[in-house]
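Below, chain A is the first sequence line, B the second, and so on; all start at residue 1. Side-chain atoms are counted along with the backbone in the values below, which use heavy atoms only and exclude waters and symmetry mates.
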Protein chains: 2
Amino acid sequence: MEVWTLSTSTGSGYHHGDLRAALLDSALALLDTEGPGELSLRAVARHAGVSPNAPYRHYRDKETLLAALATRGYTELGERLAEAAPGDDPGAEIVAMACTAVDYALDHPGVYRLMFGQSCSTHPDAIAASDAAMAFVADRIAAVAAPERREALLTGIWSLVHGLSTLLLDERLGARTRAEADALVETVVRTMLGTGLERPDGESGAG
Amino acid sequence: MEVWTLSTSTGSGYHHGDLRAALLDSALALLDTEGPGELSLRAVARHAGVSPNAPYRHYRDKETLLAALATRGYTELGERLAEAAPGDDPGAEIVAMACTAVDYALDHPGVYRLMFGQSCSTHPDAIAASDAAMAFVADRIAAVAAPERREALLTGIWSLVHGLSTLLLDERLGARTRAEADALVETVVRTMLGTGLERPDGESGAG
DNA sequence: CATTCAATGTGGTCATTGTACACATCGATG
DNA sequence: CATCGATGTGTACAATGACCACATTGAATG
């Protein structure tokens with residue numbers, strides 16, 4: 001019933017100490033290299049220095065381990081979002097959160113793909129963690145948006161940021177540095193939230 | 001050097017006739033049931049009624065077959081987008097395209113996940129097909145947007161729609177019917193493209 | 001028509017993977 | 001020290017992706 005505080009290797013050789021957390025660390029390290037589809041449970045075990053079956057003492061199966069990692073990902077993303085958000089104007093606050101989320105995706109490509117992949121969106125814990133992160137964003141949006149638009153804005157911004165992250169991860173937007181990516185995110189978010197289209201009643205100056 | 005025109009089964013038992021296309025059909029059928037990560041090449045071969053190795057005569061490896069399917073998916077999505085777009089006002093045209101894309105995702109969940117998954121975004125053909133679809137959207141947007149904002153709007157709308165599709169596929173938005181999903185897409189897209197945020201110089205009526 | 005040949009499908013094989021089962025080892029508790 | 005539950009190991013098996021050599025075919029060639 002003791003609480004383990006170490007994370008890598010505590011035991012005297014046979015027992016690991018905190019394999020449960022170490023497996024997540026190993027999976028994280030490998031995921032950010034290989035991508036979620038290619039990651040094998042055995043590779044995670046190897047990275048952690050244990051036998052292929054050791055993980056099964058802590059996670060029911062591979063999917064459960066990955067879901068746990070996705071849950072951790074959502075939690076960390078939520079923490080980063082909470083630290084961001086220096087709001088001069090509403091737009092700046094939204095932009096800051098968008099950049100924070102995109103930066104997280106760029107920092108942890110594998111985990112991000114895992115988080116928004118199929119299998120993990122089924123797992124209750126992951127869903128709960130995702131909802132928590134979304135709830136935080138919802139609060140921030142509620143502070144700057146008209147009540148009628150809050151829900152649509154939340155969905156829209158969340159979707160927009162996810163789409164941007166995906167495209168940036170796939171290198172489809174030509175942004176090579178983090179600064180370029182952030183600048184692009186700011187431009188796109190501001191364009192989408194500002195007056196993006198010429199109004200029908202105005203003059204449509206596009207040729 | 002002949003061109004095969006049949007698609008399902010032509011051969012006299014041993015040779016299939018057009019296995020290349022039939023494999024795509026089988027993969028499509030299985031993908032929309034099982035999801036891209038779980039789909040095995042052998043299952044595709046079984047579904048097509050051939051031996052596990054037959055696919056290797058037509059596709060270098062599993063990833064190549066899936067990339068071909070993703071390419072086909074982008075092409076079909078592009079065709080659907082071309083059929084859509086009845087533009088009363090600019091917003092309606094964008095909304096129509098957004099709904100078309102989301103409907104495609106809902107019609108073919110597996111293929112959609114494949115298209116926006118990692119491995120296929122690396123394949124040249126898939127990238128080309130994706131670029132073609134995006135180019136079509138870009139044209140439509142160029143017709144209704146100020147030149148300065150075209151690029152950001154394209155990226156933003158594409159991202160927004162992709163995010164919406166993902167969330168809808170994961171059943172995170174509570175839309176159960178196609179009509180509900182379309183209505184939600186319309187609301188979100190219009191909210192995002194309209195004046196979504198209270199301007200700082202205006203009064204922020206949110207409580 | 002018989003031969004030949006390249007395209008296409010089959011069977012055999014191997015390493016890797018996910019996972020189940022039985023066994024080994026450890027730390028705490030009596 | 002003996003015991004026991006928690007945790008890690010080893011063995012085992014089916015499924016998979018992919019490679020090889022071989023079989024079968026239809027079409028071009030004589």
Side-chain angles (χ1 to χ4, degrees), chain A residues 1-27 30-31 34-69 114 119-120 123, chain B residues 1-27 30-31 34-69 114 117-120 123:
Chain A
M1 287 297 183
E2 290 306 300
V3 176
W4 308 98
T5 35
L6 300 176
S7 60
T8 34
S9 175
T10 307
S12 42
Y14 197 100
H15 284 88
H16 184 275
D18 192 3
L19 185 55
R20 184 175 203 94
L23 287 171
L24 288 187
D25 291 340
S26 295
L30 294 175
L31 257 188
E34 306 180 32
E38 286 63 39
L39 180 65
S40 78
L41 188 54
R42 294 170 103 106
V44 174
R46 276 192 296 267
H47 185 100
V50 292
S51 84
N53 292 340
Y56 287 93
R57 296 291 162 185
H58 301 277
Y59 300 96
R60 200 165 49 76
D61 53 15
K62 181 186 181 183
E63 193 181 315
T64 305
L65 193 163
L66 293 181
L69 190 56
L114 185 69
S119 53
C120 287
H123 198 91
Chain B
M1 285 296 182
E2 291 307 300
V3 176
W4 308 97
T5 36
L6 301 176
S7 62
T8 33
S9 176
T10 304
S12 44
Y14 198 100
H15 284 86
H16 184 274
D18 191 4
L19 185 55
R20 184 175 201 94
L23 287 170
L24 288 186
D25 291 339
S26 294
L30 293 175
L31 255 187
E34 306 180 31
E38 284 66 36
L39 180 65
S40 78
L41 187 54
R42 296 171 102 104
V44 175
R46 275 193 296 268
H47 185 100
V50 293
S51 84
N53 292 337
Y56 287 96
R57 295 291 161 186
H58 301 276
Y59 300 96
R60 200 165 50 75
D61 53 14
K62 180 186 180 183
E63 193 182 315
T64 305
L65 193 162
L66 293 181
L69 190 58
L114 184 68
Q118 188 178 15
S119 53
C120 288
H123 198 91

Expressed as a whole number of angstroms, how long is the span from [X]:[atom1] to [N]:[atom2]?
{"X": "B:Y59", "N": "C:dA7", "atom1": "OH", "atom2": "P", "result": "17 Å"}
{"X": "A:L65", "N": "C:dT17", "atom1": "CG", "atom2": "P", "result": "15 Å"}
{"X": "A:R42", "N": "D:dT16", "atom1": "CZ", "atom2": "P", "result": "16 Å"}
{"X": "B:D18", "N": "D:dG26", "atom1": "CG", "atom2": "P", "result": "16 Å"}
{"X": "B:E38", "N": "C:dG18", "atom1": "CD", "atom2": "P", "result": "12 Å"}
{"X": "A:K62", "N": "C:dA20", "atom1": "NZ", "atom2": "P", "result": "14 Å"}
{"X": "A:E34", "N": "C:dT16", "atom1": "CD", "atom2": "C1'", "result": "13 Å"}
{"X": "A:R57", "N": "C:dA20", "atom1": "CZ", "atom2": "C1'", "result": "11 Å"}

[options]: which one has an atom nearest the side-chain heavy atoms of [X]?
{"X": "B:D61", "options": "D:dA18, D:dT9, C:dG18", "answer": "D:dA18"}
{"X": "A:A54", "options": "D:dA18, C:dT19, D:dT9", "answer": "D:dT9"}
{"X": "B:R46", "options": "D:dT16, D:dG8, D:dA18", "answer": "D:dT16"}
{"X": "A:S51", "options": "D:dG8, D:dC19, C:dA20", "answer": "D:dG8"}

Looking only at heavy atoms, which two atoms of [X] and [Y] are closest? And how far apart?
{"X": "A:Y56", "Y": "A:D61", "value": "CE2-CA, 4.0 Å"}
{"X": "B:E34", "Y": "B:L39", "value": "OE1-CA, 4.4 Å"}
{"X": "A:P55", "Y": "A:A45", "value": "CG-CB, 3.9 Å"}
{"X": "A:L65", "Y": "A:A27", "value": "CD2-CB, 3.9 Å"}

Measuring to OP1 and OP2 of C:dA7, would you say a side-chain N or O of B:H58 lies under 4.0 angstrom away? no

Are OP1 or OP2 of C:dT17 and a side-chain N or O of A:S40 less than 4.0 angstrom apart? yes

Quick one: the side chain of B:N53 and the base of C:dG12, do they pair up donor-acceptor inside 3.5 Å? yes

If each of B:P52 and A:L39 is mapped to the nucleotide of DNA chain C with the nearest heavy atom, which maps nearer the 5' terminus, i.e. the 5' end? B:P52

Qualifying residues under side-chain hydrogen bond (donor to acceptor under 3.5 Å, both in side chains), relative to A:N53, sequence neighbours excluded: none

